[in-house]
Amino acid sequence: MGSVWWEWYNSHSLNHSRPHLVEIISSNSVVVSNLTFLNAPAYSIHPVYCSNVHIQNVSISTPPESPYTAGIVPDSSDNVCIEDSNVSIGYDAISLKSGWDQYGITYGRPAEKIHIRRVHLHAFSGSAISFGTEMSGGISNVLIKHVHIFNSNSGIEFRTIKGRGGYVKQIVISNIKMENVHTAISAKGNCGSHPDDKFDPKALPLLNHITLKDIIGTNITIAGNFSGIEESPFTDICLSNITLSTNSVSSTTWECSNVSGFSDSVLPKPCQELSKPSNSSSSSCFYLMSLGEQKSAGL
């Protein structure tokens with residue numbers, strides 16, 4: 001019965017945040033399985049400050065017009081497995097978070113050791129898989145494989161902003177199939193807002209050691225959009241074996257600023273910042289690739 005909350009949100013009638021369908025707080029050994037979640041006011045499943053969470057064989061949906069609704073949101077949680085599920089949502093299908101600004105920095109609990117596999121994702125106005133913007137406690141050690149993304153505004157998106165602090169690192173994403181996606185891959189350094197004016201503008205987020213490989217996309221408008229932060233550029237972005245068939249809607253397939261990395265067998269050819277590797281970026285790229293393969297072989 002989320003529609004009344006969407007109406008209040010759109011009319012700016014709310015003086016507080018919207019509720020979630022399932023909110024699991026400070027818990028260990030959690031299983032969410034074989035359930036259907038419909039029309040959440042905001043998030044459908046929100047494990048926060050949890051360990052050892054297994055979400056499997058769930059179906060989640062809200063209408064395309066539902067504002068800023070999200071499917072599965074692991075928040076400052078570790079050892080999380082999400083698998084064999086379907087999410088069709090208004091904004092973000094799966095979103096990894098770890099706290100806002102100084103609050104997240106002070107609490108200091110990262111989202112880490114997360115494995116996502118064999119999921120089908122549709123995100124109407126947001127992203128099928130997103131990191132942030134709330135990532136002040138850090139996000140790391142994430143393995144994502146065998147994902148089908150379709151009819152979405154964005155496929156994979158990293159979001160942050162000055163004042164967040166924190167980090168997003170050691171991410172391996174592979175074996176992704178995209179269909180009818182506006183922007184396939186993006187990383188934005190000027191995205192989101194602050195909960196209040198107490199944030200430290202000198203708290204710069206770090207985004208590095210991100211590997212994306214074995215990705216196929218059809219009917220893509222923009223292949224990639226990487227807009228880093230001048231004072232803290234995004235580094236060690238590694239792209240390998242990626243083929244994205246773009247449509248005729250946009251004449252620009254890649255957009256890049258304040259970013260550096262490595263690419264191999266990527267079509268259309270990425271921007272220059274991602275085409276000329278340094279020794280450090282290429283070696284870390286291959287290290288993360290082999291690390292992701294080892295982890296998936298052990299699961």
Side-chain angles (χ1 to χ4, degrees), residues 2 5 17-62 66 68-101 103-121 123 126-145 147 156-159 164 166-171 173 192 195 295 299:
W5 293 95
S17 60
R18 293 173 289 170
H20 310 315
L21 279 186
V22 174
E23 178 113 351
I24 306 165
I25 304 174
S26 301
S27 300
N28 187 29
S29 299
V30 175
V31 176
V32 181
S33 178
N34 299 295
L35 294 170
T36 297
F37 299 87
L38 300 176
N39 300 329
Y43 301 165
S44 294
I45 306 174
H46 184 217
V48 56
Y49 313 136
C50 292
S51 296
N52 303 306
V53 178
H54 192 185
I55 299 172
Q56 65 170 354
N57 195 29
V58 299
S59 178
I60 299 171
S61 67
T62 63
S66 59
Y68 294 100
T69 51
I72 304 171
V73 186
D75 193 344
S76 293
S77 296
D78 62 274
N79 291 296
V80 178
C81 179
I82 302 168
E83 61 182 353
D84 301 314
S85 296
N86 298 283
V87 183
S88 179
I89 211 79
Y91 193 65
D92 286 343
I94 297 177
S95 184
L96 280 59
K97 301 180 181 293
S98 68
W100 250 2
D101 295 357
Y103 307 106
I105 294 171
T106 301
Y107 195 75
R109 177 156 181 176
E112 60 183 359
K113 300 178 182 177
I114 297 172
H115 191 189
I116 300 168
R117 58 187 177 184
R118 299 188 304 271
V119 292
H120 300 268
L121 308 176
S127 182
I129 300 172
S130 67
F131 297 76
T133 59
E134 303 93 318
M135 38 66 69
S136 301
I139 301 173
S140 68
N141 198 357
V142 178
L143 177 62
I144 301 173
K145 295 194 69 174
V147 176
I156 299 162
E157 188 165 71
F158 301 87
R159 306 170 183 150
R164 280 288 190 268
Y167 55 82
V168 179
K169 63 182 182 180
Q170 296 176 344
I171 313 295
I173 301 173
K295 286 183 178 180
L299 289 169

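When reading the values below, keep in mind they use all heavy atoms of this one structure, side chains included, and skip hydrogens, waters and symmetry mates. This chain uses plain numbering: 1 for the first residue, then up along the sequence.
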> Is there a side-chain contact (heavy atoms from CB on, under 4.5 Å) between D75 and Y43 once you walk through the steps?
Replying inline: CA-CA 11 Å; D75 193 344; Y43 301 165; 5.6 Å; no
If I compare all heavy atoms of [X] with all of [Y], which pair ends up nearest, and what's the gap?
X	Y	value
E83	R118	OE1-NH2, 3.1 Å
P47	S77	O-OG, 3.1 Å
V119	I94	CG2-CD1, 4.4 Å
S85	I55	OG-O, 4.5 Å
R18	H20	O-CE1, 3.8 Å
A93	A123	N-CB, 4.1 Å

Contacts of type side chain to side chain contact (heavy atoms under 4.5 Å, CB included), residue [X], not counting sequence neighbours:
X	result
N57	N34
S27	I24, V30, C50
S76	Y49, S98, R109

>> Ring-plane angle category for Y68 and Y91, please: parallel below 30°, perpendicular beyond 60°, tilted otherwise.
In response: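 Ring orientation, 0 to 90° scale: tilted.
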> Is any side-chain N of the basic residue among K113 and D78 closer than 4.0 Å to the acidic one's carboxylate O?
Replying inline: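 Result for this pair is no, no salt bridge flagged.
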> Can a salt bridge be assigned to the pair R159 and D92 using a cut-off of 4.0 Å between side-chain N and carboxylate O?
Replying inline: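 Yes, R159 and D92 are salt-bridged.
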>> Please check this pair: side chain of T106 against backbone of G104, looking for a donor-acceptor N/O pair closer than 3.5 Å.
In response: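 Checking the backbone N and O of G104 against the side chain of T106, no donor-acceptor pair under 3.5 Å is found.
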>> Donor-acceptor pair, distance only, cut-off 3.5 Å: does the side chain of K97 make one with the backbone of G132?
In response: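 Checking the backbone N and O of G132 against the side chain of K97, a donor-acceptor pair under 3.5 Å is found.
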So how far is it from [X] [atom1] to [Y] [atom2], rounded to the nearest 0.5 Å?
X	Y	atom1	atom2	result
S136	D101	OG	CG	5.0 Å
I156	S127	CD1	OG	7.5 Å
I60	L35	CD1	CG	9.5 Å
S88	L38	OG	CG	11.0 Å
H115	I82	NE2	CD1	10.5 Å
L96	F158	CG	CZ	9.5 Å

>> The test is side-chain hydrogen bond (donor to acceptor under 3.5 Å, both in side chains); show your working for Q170 and S140 and say whether it passes.
In response: CA-CA 5 Å; Q170 296 176 344; S140 68; 4.7 Å; no
> Could you give all pairs that pass the ring pair (Phe, Tyr, Trp, His ring centres under 6.0 Å) test and reach residues 21-40, with sequence neighbours left out?
Replying inline: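 Residue pairs passing ring pair (Phe, Tyr, Trp, His ring centres under 6.0 Å), neighbours aside: none found.
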> Taking only residues two or more places apart in sequence, or in another chain, which ones meet Y103 in a side chain to side chain donor-acceptor pair (under 3.5 Å)?
Replying inline: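 Checked Y103 against side chain to side chain donor-acceptor pair (under 3.5 Å); matches are D196.
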>> Taking salt bridge (charged side-chain N to carboxylate O under 4.0 Å, His left out) as the cut-off, I'd like each qualifying pair that reaches into residues 21-31, sequence neighbours left out, listed once.
In response: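 Qualifying pairs: none.
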> S130 and S95: side-chain hydrogen bond (donor to acceptor under 3.5 Å, both in side chains), yes or no, with the steps?
Replying inline: CA-CA 5 Å; S130 67; S95 184; 2.8 Å; yes
